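To find a chain, count down the sequence lines: A is the first, B the second, and so on, and within it residues start at 1. Predicted model, so just to flag it, every value in this text is computed and none were measured.
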Protein chains: 4
Amino acid sequence: MSDTARSRAILATASRLFAEKGYGNATTSEIARAAGVAEGTIYHHFGSKDGIFLTIFDETIEGYLAGIEELLARGATGRETLSALTRFQFDYVSRHSERYLILLRDFPADLTAGPLAEGSPQKKKLDRITELFRRVLARGKADGTLHLPFPVRDTAEILRGSFYGAIRLKMTGLIRAPLPRLARMLESYWMEALAPQHPAESPRGVPGG
Amino acid sequence: MSDTARSRAILATASRLFAEKGYGNATTSEIARAAGVAEGTIYHHFGSKDGIFLTIFDETIEGYLAGIEELLARGATGRETLSALTRFQFDYVSRHSERYLILLRDFPADLTAGPLAEGSPQKKKLDRITELFRRVLARGKADGTLHLPFPVRDTAEILRGSFYGAIRLKMTGLIRAPLPRLARMLESYWMEALAPQHPAESPRGVPGG
Amino acid sequence: MSDTARSRAILATASRLFAEKGYGNATTSEIARAAGVAEGTIYHHFGSKDGIFLTIFDETIEGYLAGIEELLARGATGRETLSALTRFQFDYVSRHSERYLILLRDFPADLTAGPLAEGSPQKKKLDRITELFRRVLARGKADGTLHLPFPVRDTAEILRGSFYGAIRLKMTGLIRAPLPRLARMLESYWMEALAPQHPAESPRGVPGG
Amino acid sequence: MSDTARSRAILATASRLFAEKGYGNATTSEIARAAGVAEGTIYHHFGSKDGIFLTIFDETIEGYLAGIEELLARGATGRETLSALTRFQFDYVSRHSERYLILLRDFPADLTAGPLAEGSPQKKKLDRITELFRRVLARGKADGTLHLPFPVRDTAEILRGSFYGAIRLKMTGLIRAPLPRLARMLESYWMEALAPQHPAESPRGVPGG
DNA sequence: GATGAATGAGTGTTCATTCAT
DNA sequence: TATGAATGAACACTCATTCAT
């Protein structure tokens, strides 16, 4: 429905302006001018300013979800998949940093409606992220390549939170280390944190708890 | 300077309204009415709407920084301090959830000025957080209670990011697990991730605690 | 660009209100209401309240400059052109007294921006007035119909100042004599002041008139 | 009544700020701060912001009127007095340029009340200026040193207008020639314009110069 | 579909003035 | 006298949205 050249131009321009100055500071008239369309055209294609944002949101999230699903489909061990997930996460952010920045920085603070309301399509997509993370961990638990002393779902939530937080702080300038290094470190620390114990070597060792 | 009864009332009311509806959706006239003062009084005390926000920001961050500094001053081992840091972090958030929510959700997306600009007082305070995290880890590295395969500063950044991300996702409703459980899990996983290596090979090693 | 019926209505209404109560005391909402448009429409067409003023300024000055240029184009002697200039000046003021009043009384005291800044379009137009006055005098000097004991440019400046001052005092109620009489007197006195010298030597010379 | 050290400080500070940024753009709180007094003190001494302006107005005008009266009291010829008047006018402006600027630029455009209303003390003082100009010219007419082909009062009005206009244009940057030159030129041209006729009877008479 | 002029409710902010102390 | 915290009525300006063409 929004796949004409015009709507692509609007999305591209809006992404750039949202990233540059923030969703709240970019005006629809500005977007229209920069995209070379009339202001009304935006409303024909997206219905509202939030509509543009949500379209960007959907496209960005969908590519992200699809990427993770593909990882899972490869059928590697849980540990390998977690490793791949980490690398994919940071790779995806790097490749779509403009759009990712918008989502991370301006959502949901600036949105008029409540796209985070229980049952909204956006909320469902965001919940699907946790679900996919959970599946990665569940596989590791099942095949013994990951050790989870806590419920899988809960662990998936903080795993996701640790990626999310590092990236958001990075994108708002509060973290110095470059993204690839963050990726490597997070991968390494999570591998360590979820490493299968050395039952053979120290059968009694029961850290955490 | 802003410690009259009136300015306290403005801060309390603004905190509540910002938390309820978001910084951008709370109006100064609304805050004034709810606080029982004239709108001009807000400007007499805080200069601008952003001024209110930044005052809340400063007070919240200062209590937070002071708490961490106190932890460090206790002189426990790095590992113990990291453990205490985790517990303090989530405890502080719980005790100041309203104000913490404002900071986490609405900053910096909604601010008109640039309080994250290099050199701004706000940026300095936020950078101080990472610095304190770094000191906790550095102590653990020095006393051998923590194993850091990566630079201390970089590790401090992702440690901070993991706390921040979990809490922000929790506060925006994307994480189900209750805060205390998040605290316990993060503590446990970080302890594991930074545990001194191969306790089996050095039988006296007694991780956790 | 601003030549729709709506923008003409805004200009006409604003001119009236500015003249009646002064630029600073006329509000944009009042202008909009009186012009029968929405307040936003003013900003659509003129960008700001100052923008209305500057449009009025430009239109008024342009007609004025064009009138003088036309006088010069007639190719009469300098003396005749000066005489015609005087009459044109007061005639123009009479015919556009409302707008002229606004310019004379409220400019530049009330303007927030600096339209008198060197290099601004307004400053250029105002400087062009002196330049045209200078050309009138220069012609008289060249053809011997005017005697100028001082530099032409400087004389043009006080010639202009004398018109300007008389009209401004008149419009602020500090001068009683009606405009036409001021015109006649200024013409006569300037003719006398710039009369070619030594009428005694050429007994037929009858300056003034 | 307003002759304490504090009220002098307020007047001096206000004069400076009014001259710098215009009456309308200088705030009472700013004046109070710069003068080192509380804002309320301004209202004790001057009753209102306009009150400050009017006090400056009165003091400036009074010195001006007194100067002209003194000129008249010297008992010189009308011609000599006119000459002295011109010199005094520009001299006074130079010596009080800050306060004169305020009056010339910001009055009456920015005043809330109507100090130009018929019967107001300000209007009376301003009318007195014309009256004194009239007396100078009347003396010249009586003693034969000035030739006035038009009513004395009317001539006084445009004489005053020519001074006023030149000075206002100068002070708003629309005239380049320095004040002293303007003084010399205006004196010379008016002398010429009002020169007694009969060039045939006194062939050597070369007024002006 | 595409346009862009028009809308108008809403916003943060200003500032001369007041008055209890 | 002097203070300065408090006031609150205005104000210029914004901008997502609509709709007649």
Side-chain angles (χ1 to χ4, degrees), chain A residues 1-2 4-7 10 23-33 36-52 112, chain B residues 1-2 4-7 10 24-33 36-52 112, chain C residues 1-2 4-7 10 24-33 36-52 112, chain D residues 4-7 10 23-33 36-52 112:
Chain A
M1 169 225 305
S2 346
T4 69
R6 268 189 176 85
S7 65
I10 293 168
Y23 178 81
N25 300 316
T27 69
T28 51
S29 102
E30 183 178 23
I31 294 167
R33 200 178 334 114
V37 302
E39 209 167 346
T41 307
I42 289 180
Y43 288 82
H44 270 291
H45 285 284
F46 302 100
S48 69
K49 191 189 177 191
D50 279 11
I52 308 175
T112 312
Chain B
M1 158 206 340
S2 327
T4 68
R6 268 187 176 86
S7 63
I10 292 168
N25 300 317
T27 71
T28 53
S29 95
E30 183 178 22
I31 294 167
R33 199 178 336 112
V37 301
E39 203 166 351
T41 306
I42 289 181
Y43 289 83
H44 185 67
H45 285 285
F46 302 100
S48 69
K49 191 187 175 190
D50 280 11
I52 308 174
T112 53
Chain C
M1 166 220 316
S2 329
T4 69
R6 267 187 176 86
S7 64
I10 292 168
N25 301 316
T27 70
T28 51
S29 95
E30 184 179 19
I31 294 168
R33 201 178 334 113
V37 301
E39 204 167 351
T41 306
I42 290 181
Y43 289 84
H44 185 67
H45 285 286
F46 301 100
S48 69
K49 191 186 175 191
D50 280 10
I52 308 175
T112 52
Chain D
T4 68
R6 267 190 177 85
S7 66
I10 292 168
Y23 178 82
N25 300 316
T27 69
T28 51
S29 101
E30 183 179 22
I31 295 167
R33 200 179 332 114
V37 301
E39 210 168 345
T41 306
I42 289 181
Y43 287 83
H44 270 291
H45 284 283
F46 301 99
S48 70
K49 191 188 176 188
D50 279 10
I52 308 175
T112 312

Quiz item: Across all strands shown, which nucleotide pairs with E:dT3 by Watson-Crick or G-U wobble geometry, both distances under 3.5 Å?
Solution: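 Partner of E:dT3: F:dA20.
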
Self-check item: Complement of F:dG8, any strand, by Watson-Crick or G-U distances under 3.5 angstrom
Solution: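 Paired with E:dC15.
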
What integer distance in Å separates [X]:[atom1] from [N]:[atom2]?
X	N	atom1	atom2	value
B:Arg33	E:dT11	CZ	C1'	13 Å
B:Ile10	E:dG12	CD1	P	14 Å
D:Glu39	F:dA5	CD	P	10 Å
B:Glu30	F:dG8	CD	C1'	18 Å
A:His45	E:dG4	NE2	P	14 Å
C:Asn25	F:dA12	CG	P	10 Å
D:Phe46	E:dT18	CZ	C1'	18 Å
C:Ile31	F:dC11	CD1	P	11 Å

Just to be sure I understand the rule, does [X] reach a base, reach only the sugar-phosphate, or reach nothing, if contact means heavy atoms closer than 4.0 Å?
X	result
D:Thr27	sugar-phosphate
B:Ser29	nothing
B:Ala5	nothing

Quiz item: Between B:Glu30 and B:Asn25, what is the shortest heavy-atom contact and its length?
Solution: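 Scanning both residues, the minimum pair turns out to be OE1-O, 4.0 Å.
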
Exercise. Please step through side-chain contact (heavy atoms from CB on, under 4.5 Å) for the pair A:His45 and A:Thr4, ending with a clear verdict.
Key: CA-CA 9 Å; A:His45 285 284; A:Thr4 69; 3.4 Å; yes

Quiz prompt | E:dG12 phosphate, OP1 or OP2, under 4.0 Å from B:Ser48 side-chain N/O | solution =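 No.
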
Quiz item: According to a strict under-4.0 Å criterion, is A:Arg6 in side-chain N/O contact with OP1 or OP2 of E:dA2?
Solution: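 Yes, A:Arg6 has a side-chain N/O under 4.0 Å of OP1/OP2 on E:dA2.
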
Quiz item: Nearest nucleotide by nearest heavy atom, which residue falls closer to the 5' end of DNA chain E, C:Ala38 or B:Lys49?
Solution: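 Final value for this comparison: C:Ala38.
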
Self-check item: Comparing A:Gly40 and D:Thr28 on DNA chain E - which has the more 5′ nearest nucleotide
Solution: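 This one resolves to A:Gly40.
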
Practice problem: Examine distances only and state if a side-chain atom of A:Lys49 and a backbone atom of A:Ile42 form a donor-acceptor pair shorter than 3.5 Å. | Solution: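 Looks like no, no N/O pair under 3.5 Å.
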
Self-check item: Residue closer to the 5' end of DNA chain F, B:His44 versus C:Tyr43 (nearest nucleotide)
Solution: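 First, find each residue's nearest nucleotide; the 5'-ward one identifies B:His44.
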
Quiz item: For DNA chain F, whose closest nucleotide is more 5', that of C:Gly47 or that of B:Ile42?
Solution: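 The 5'-side residue here is B:Ile42.
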
Practice problem: Please check if any side-chain donor atom of A:Ser29 sits under 3.5 Å from a side-chain acceptor atom of A:Glu39, or the reverse. | Solution: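 There is no such pair (donor and acceptor under 3.5 Å, judged by atom type) between the side chains of A:Ser29 and A:Glu39.
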
Quiz item: Roughly how far apart are D:Ile31 CD1 and D:Thr41 OG1, rounded to 0.5 Å?
Solution: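 If we round to the nearest 0.5 Å, D:Ile31:CD1 and D:Thr41:OG1 are 13.0 Å apart.
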
